[in-house]
Every structure is written in C-alpha cells, then in structure tokens.
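The analysis underlying the following values was restricted to heavy atoms, covering all of them including side chains, and did not include hydrogens, waters or symmetry mates.
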Amino acid sequence: MKKVLILGSEGFIGSHLVETLSKNFEIFGIDKVFMGYNKHEYDFTKCDIAYDADAFSSCVKNIQPDVIIDSAASVGVDKFISDEIGEHY
C-alpha cells in the first residue's frame, strides 16, 4: 500500500485529506498541535516543521512516503502578519 504523508494533518483541510485518503492509502500525519479533528486512526507525529527541520527530516526518512501533501498553515493569518514579536506562534 502506498504511503502518504500529510503535513498539517490535524487542520481542517488536512483532516479531510486523512479521512478521504485513508480508504486507499497508508496515512501518516505531521502537525504542530493535536486537535483531535480526525476520527480515523493514522500514524500521527507532533512536530513543528517550521522550526524543527531535523525532526521533520527524521520523520520523512523513517516513513519513506510515496507522496507528501502539504496542507500546513497558520490559523488566523492576520494575527501572524501583525505579530512582530512572536506572541501568537
């Protein structure tokens, strides 16, 4: 079975990708938070890909996915644009 790695797997879009693709693929997910949106069992790793490149690289090497889908994004982008000192991240 092909392996799919979904970045941002706990977000709105990512969780729907997990749900849809889990029918035909082995799903792995990475997200910086665990929101619990997914009602499907899948291999989840908590990792902030923006700030922990070594952990992200290690995950990719361990999983060896056939496909990587990037649905990772910041919630409330307007907060991040105006946040000069990093309070919201």
Nonpolar side-chain network containing Met1, other nodes, edges under 4.5 Å: none
Test side-chain contact (heavy atoms from CB on, under 4.5 Å) applied to Ala55 - qualifying residues, sequence neighbours left out: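 Ala55 satisfies side-chain contact (heavy atoms from CB on, under 4.5 Å) with Cys47, Asp52 only.
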Do [X] and [Y] belong to the same hydrophobic cluster, where Ile, Leu, Val, Met, Phe, Trp and Tyr are linked whenever their side-chain heavy atoms lie under 4.5 Å apart, directly or via other members?
| X | Y | value |
| --- | --- | --- |
| Ile27 | Leu17 | yes |
| Leu21 | Ile30 | no |
| Val4 | Phe12 | yes |

Separation of Asp43 CG from Glu41 CD (nearest 0.5 Å):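 Between Glu41 CD and Asp43 CG, I get 11.0 Å after rounding to 0.5 Å.
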Nearest-0.5 Å distance, NZ of residue Lys32 to OH of residue Tyr51: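 The OH atom of Tyr51 is 8.0 Å from NZ of Lys32, to the nearest 0.5 Å.
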Side-chain donor-acceptor contact under 3.5 Å, Tyr42 with Ser9: yes
side-chain contact (heavy atoms from CB on, under 4.5 Å) assessment of Asp31 paired with Phe44: CA-CA 8 Å; Asp31 207 315; Phe44 174 78; 3.7 Å; yes
May I have the list of side-chain donor-acceptor pairs in residues 57-69 shorter than 3.5 Å, sequence neighbours left out?
unit_1 : atom_1 : unit_2 : atom_2 : d
Asn62  : ND2    : Ser58  : O      : 3.2
Asp66  : OD2    : Lys3   : N      : 2.7

Minimum heavy-atom distance between Ser71 and Gly14, given as atom pair plus value: OG-CA, 3.4 Å
